[in-house]
Amino acid sequence: MSSRAEHQSQERRSLPVPLEDRPPLAVLPPEGGAGEPQGGEDSASVQALEEAEARLRRRRRWRWSPLTTRILAINLLALGLLVAGVFYVDEYRRGLIEAELQALRLQADLFAEALGAGAVQMPSDDGVDISGELARQLVRRLEGPMRTRLRVFRLDGELIADSRLLRGPYGTVQIEPLPPIIERPGLSERVANTIYDWVMNWLPTNENLPAYAEAPVQSGNDYPEVRSALQGDPATELRQTGDGRMLLSVAVPVQSYRQVLGALMITGTDKVIDERVRAVRIDILKVFTLVFTLTVALSLYLAGTITRPLSKLAAAAERMRQGMNRQYRIPDFRRRNDEIGDLSGALIEMTEAIWQRMDAIERFAADVSHEIKNPLTSLRSAVETAARVKDPDQQKRLMAVILDDVQRLDRLISDISDASRLDSELSRADAEPVDITVMLSTLIEVYMAVTREEGPSFSLSLPKEKLVVLGLETRLGQVVRNLISNAISFSPPDGTIAVSARRHGNWVLFTVEDEGPGIPENKLADIFNRFYTERPKGEKFGRHSGLGLSISKQIVEALSGTITAENRRDADGNICGARFTVRLPKA
């Protein structure tokens, strides 16, 4: 923003030149022929937009998101492993086997007492023995409702009774119990049973049982548990039949007045155990089906709440990248109060920051064009006039104007280059600890050494403790130099520039004060704008570009700090100078 003095100076320097004597302005044709670049750029932009729309259409066609697949896989895998572990009810089955063996042992004890009381005969005066006929009758009566097989062996191992063998006048008949009559299951139940049996055969077991083998002529010596019972010790045994079923066997001694006369062996299969385990597993499958359905539904809902917003954010970002148009907006999901809401808010703020940066670049380009155009106009007028002026004194004055304008252009270009480089430099550099007290004391010593006698004096007030901030020492030094140079230009020759620093909570503050005329109250914020110049009276025009305070503000804000300006006032409320305060976060 140019001052009134600047425009008045340019009016004095720009001597009137007749329009007919001015050279015509050159009009440069567009590169590559008329209309070619514009048409080429339009066609490239249209093609880019078409490609973006094609990608968006492909994303819309891809209804099943890979992220949804991952969420389903993770949730269902965990559920499957849990159900598989529960489905593998080996401990439960072993408990049922132990309970079944105890039940068989209880039955065997009762049957053995019955045999010892009702199937004993005295063939001679020397001892007692088990009657085979009485034993077979008792065994047939006892076996009926139990669905177990009972066998009685004498002390020498001879089989004298078997609930599966029926002796009659025509020989021995083997009896096998028929399965209960049940209705034929439907197709779905048969398929389910087939799958269940396949899974059961696939599941590993810890059982490694000996095979059950039955000799044509059985003897008690063929069975270890019977041999143990004939010795007076009850015993159990587990075996595996040819059809893969488990055979549970319990043998107890048959005694009469504590004399072992034989052994009773009861055997049964694990059919009841398998039915109970099957029922438990079917219940587990029912619960699993319900949980599986709920897991799939909740996983799809969860995936939808994640993938749909992400797809919308990606589509909006793609449109903005290709279209570069402000009519495209990032969807606002900040009400979700989760990470996607944070992502949406960050993208919205980033987009706004990008547009603000583009607006700032546009304004900066316009300001640069305006500021460079002023000295160029003055320089052009002076050059055109010098070509026609013959008076040596006027030529010298015109050459002085030309030199002034060239120097002003040089200062402008240097400051503009520094300002344009600042953002990229601050984004690339790593912040480092900077001791503000050391930096201020060093700079003040330099200024006190080079300041002329008629210039203002300096006073420095620093605490004894270190005031360390995170930043770039060269750029922070540039901020201090800009503020001190500004104070020197406004201070009277006998004035004092006071520099101080202190800690305020988690902040480090340093101030630069002068005793100049102060700042207009309505310009306290405008002085930090680019190319703003409000110079003291009598100062030569064009010595400052108006970028010093703007660059200082840019540096301080990049370091998460603030810089403010205010007027100093005396006891009567009159302005007695200006104060600039920089506040930076403490390291």
Side-chain angles (χ1 to χ4, degrees), residues 339 342 345-346 349-350 352-353 356-357 360 418-419 421-449 456-488 490-491 496-515 518-519 524-530 547-569 577-587:
E339 286 77 6
D342 296 340
E349 293 174 1
M350 182 186 69
E352 292 176 352
Q356 290 175 3
R357 180 62 58 84
D418 187 37
R421 263 196 334 266
L422 186 58
D423 277 341
S424 59
E425 180 181 337
L426 291 175
S427 64
R428 288 194 304 266
D430 294 329
E432 57 186 12
V434 178
D435 191 345
I436 295 297
T437 56
V438 174
M439 183 183 67
L440 290 177
S441 60
T442 302
L443 289 175
I444 294 302
E445 288 178 3
V446 173
Y447 274 101
M448 292 176 65
S457 59
F458 291 88
S459 68
L460 182 62
S461 175
L462 298 175
K464 295 182 179 180
E465 62 177 333
K466 291 185 177 181
L467 302 178
V468 181
V469 300
L470 287 178
L472 304 177
E473 187 171 4
T474 55
R475 289 300 182 178
L476 285 175
Q478 182 180 3
V479 172
V480 177
R481 290 193 301 272
N482 288 342
L483 295 179
I484 293 178
S485 298
N486 184 77
I488 291 174
F490 283 96
S491 294
T496 301
I497 297 175
V499 179
S500 62
R502 59 188 175 89
R503 176 181 293 177
H504 182 72
N506 291 327
W507 298 89
V508 172
L509 281 70
F510 66 88
T511 60
V512 177
E513 301 177 352
D514 60 52
E515 296 179 352
I519 306 168
L524 290 175
D526 294 340
I527 61 174
F528 294 104
N529 294 336
R530 288 191 180 104
L547 288 173
L549 293 180
S550 174
I551 291 175
S552 299
K553 181 181 179 182
Q554 191 176 355
I555 294 172
V556 172
E557 290 181 349
L559 299 176
S560 302
T562 59
I563 180 171
T564 56
E566 59 182 336
N567 286 315
R568 298 172 56 241
R569 297 182 181 275
R579 177 187 297 114
F580 287 85
T581 304
V582 176
R583 188 175 72 162
L584 294 170
K586 180 175 67 70

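Predicted model only: the values in this text are computed from it and were never measured.
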message: Counting neighbours of CD on Glu465 that are heavy atoms of other residues, nucleotides or ligands and sit closer than 6.0 Å, is the number greater than 12?
response: yes
Side chain proximity check, Leu509 to Leu584, heavy atoms < 4.5 angstrom: no
- request: Starting at CZ of Arg503, measure out to CG of Leu467 and round the result to the nearest 0.5 Å.
  value: 6.0 Å
- prompt: Are the side chain of Asn567 and the backbone of Ile519 linked by a donor-acceptor contact shorter than 3.5 Å?
  reply: yes
message: I'd like to check Pro456 versus Phe490 (side-chain heavy atoms, cut-off strictly below 4.5 Å). Are they in contact?
response: no
query: Can you name the nearest heavy-atom pair linking Trp507 to Ser560, along with the distance?
result: CZ3-O, 3.7 Å
- prompt: Which is it for Ser457 and Thr496 under the side-chain hydrogen bond (donor to acceptor under 3.5 Å, both in side chains) test, yes or no, and what are the steps along the way?
  reply: CA-CA 5 Å; Ser457 59; Thr496 301; 3.2 Å; yes
- request: Count the heavy atoms of every other residue, nucleotide or ligand shown that sit under 6.0 Å from NZ of Lys466, and state whether that count exceeds 12.
  value: no
message: Show the nearest heavy-atom pair for residues Leu462 and Ala501, with the distance to one decimal.
response: CD2-CB, 3.7 Å
- line: Nearest heavy-atom contact between Gly471 and Leu559 is CA-CD2, 3.8 Å
field: Atom pair CD1/CD1 of Ile484 and Ile497 - distance to nearest 0.5 Å
entry: 7.0 Å
task: To the nearest 0.5 Å, tell me how far Glu557 CD sits from Ile563 CD1.
output: 9.0 Å
task: Check step by step if side-chain contact (heavy atoms from CB on, under 4.5 Å) holds for Arg475 and Gln478.
output: CA-CA 5 Å; Arg475 289 300 182 178; Gln478 182 180 3; 2.5 Å; yes
Distance, nearest 0.5 Å, that separates CZ of Phe458 from CG of Leu443: 10.5 Å
message: Please find the pair of heavy atoms, one from Ala487 and one from Val512, that lie closest to each other, and give the distance.
response: CB-CG1, 4.1 Å
- prompt: Which heavy-atom pair separates Leu460 from Ser441 by the least distance, and what is that distance?
  reply: CD2-CA, 3.7 Å
- prompt: Taking atom CZ of Phe580 and atom CD of Glu566, what is their separation to the nearest 0.5 Å?
  reply: 10.0 Å
field: Spacing of Arg481 atom CZ and Thr474 atom OG1 [to the nearest 0.5 Å]
entry: 8.0 Å
query: Between Arg579 and Thr511, what is the shortest heavy-atom contact and its length?
result: CG-CB, 4.4 Å
- request: Show your reasoning for whether side-chain contact (heavy atoms from CB on, under 4.5 Å) applies to Val499 and Val480.
  value: CA-CA 10 Å; Val499 179; Val480 177; 5.8 Å; no
task: Would you check if Asn482 and Asn486 make a side-chain contact, meaning some heavy-atom pair closer than 4.5 Å?
output: no
